[in-house]
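Step one of this worksheet: look at the structure below.
Worth saying up front: this structure is predicted, and the values here are computed from it rather than measured.
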Amino acid sequence: MFGSPYTHIRRSPQAKPSFAGLRRYNRRELETNVVVQDSEGWEIPLDSVDISPTGIFVRSDFLFEIGEEHTLIFGVEDKGIFRIRARVARVEEPQDDDMFAGADLRPGMGYEFVDTEEETWHELCAVVAGA
């Protein structure tokens with residue numbers, strides 16, 4: 001009546017999924033070493049994917065639980081070393097049968113910065129702006 005009687009189901013997305021419409025702040029790709037440190041002092045070295053003034057996404061096969069807090073230590077060229085308290089806000093665990101498997105998603109965690117000082121906030125904004 002209104003076209004084909006068959007429903008066409010796309011098995012994999014044509015474009016990489018994006019959270020751009022849901023974000024409060026711009027993000028910038030940033031590949032840098034990030035040390036995740038807990039309150040007891042143990043450290044795990046990871047690599048970042050992108051950053052915003054409110055958070056950072058890191059690649060990791062070892063995933064923490066949402067809500068866990070850590071200190072993140074990372075450097076940005078021309079801006080120095082940042083040491084920021086952050087909370088795990090999102091965990092991505094792509095599976096072989098995941099609907100986004102064709103989108104090249106890698107396991108990792110989105111951290112939300114907690115209680116960022118004003119000066120640090122402005123420095124992070126400058127990093128995202130590329131200044």
Next on the checklist: Hydrophobic clustering (ILVMFWY, side-chain heavy atoms < 4.5 Å, transitive) - are Val35 and Val76 grouped together?
Outcome noted: no

Item to check | Thr54 OG1 to Ile51 CD1 distance, which is reported to the nearest 0.5 Å | outcome: 9.5 Å

Checklist entry - Does Arg83 have any side-chain hydrogen bond (donor to acceptor under 3.5 Å, both in side chains) partners at least two apart in sequence or in another chain, and if so, which? => result Gln37

Checklist entry - Nearest 0.5 Å, what's the CD1-CZ distance between Ile66 and Arg90? => result 9.5 Å

Item to check | Gly75 backbone acceptor or donor facing Thr32 side chain under 3.5 Å | outcome: yes

Next on the checklist: Check for me, please, whether Met109 and Trp42 land in the same ILVMFWY cluster - side-chain distances under 4.5 Å, paths through other members count.
Outcome noted: yes

Next on the checklist: Would you say that Leu63 contacts Glu93 through its side chain, given a criterion of any heavy-atom pair below 4.5 Å between the two side chains?
Outcome noted: yes

Item to check | Heavy-atom check, side chain of Tyr111 versus side chain of Val58, under 4.5 Å | outcome: yes

Checklist entry - What are the two closest non-hydrogen atoms of Asp50 and Ile56, and how far apart are they? => result O-CG1, 3.2 Å

Checklist entry - Do Val88 and Glu65 have side-chain heavy atoms sitting under 4.5 Å apart? => result no

Checklist entry - How many angstroms lie between CD in Glu117 and CD in Glu123, if you round to the nearest 0.5 Å? => result 9.5 Å

Next on the checklist: If the condition is side-chain hydrogen bond (donor to acceptor under 3.5 Å, both in side chains), which residues does Asp47 pass it with, not counting sequence neighbours?
Outcome noted: none

Item to check | Leu124-Ile73 co-clustered via ILVMFWY side chain contacts under 4.5 Å | outcome: no

Next on the checklist: Quick test of your reading: applying salt bridge (Lys or Arg N to Asp or Glu O under 4.0 Å), list the pairs with at least one residue in residues 67-76, sequence neighbours left out, ordered by first then second residue.
Outcome noted: Glu69-Arg85, Glu69-Arg87

Item to check | Closest heavy-atom pair and its distance - Ser48, Val34 | outcome: CB-CG2, 3.8 Å

Checklist entry - Between Arg28 and Gly130, what is the shortest heavy-atom contact and its length? => result NH1-CA, 4.1 Å

Checklist entry - Which heavy atom of Val91 sits nearest a heavy atom of Phe64, and at what distance? => result CG2-O, 3.4 Å

Item to check | Note, Phe62 side chain near Leu46 side chain (heavy atom, < 4.5 Å) | outcome: no

Checklist entry - Looking at Phe113 and Ser52, what are the two nearest heavy atoms and their distance? => result CE1-O, 3.6 Å

Checklist entry - Heavy-atom distance under 4.5 Å between the side chains of Thr120 and Phe82, does that happen here? => result yes

Checklist entry - How close do Ala86 and Leu72 get, heavy atom to heavy atom, and via which atoms? => result CB-CD1, 3.6 Å

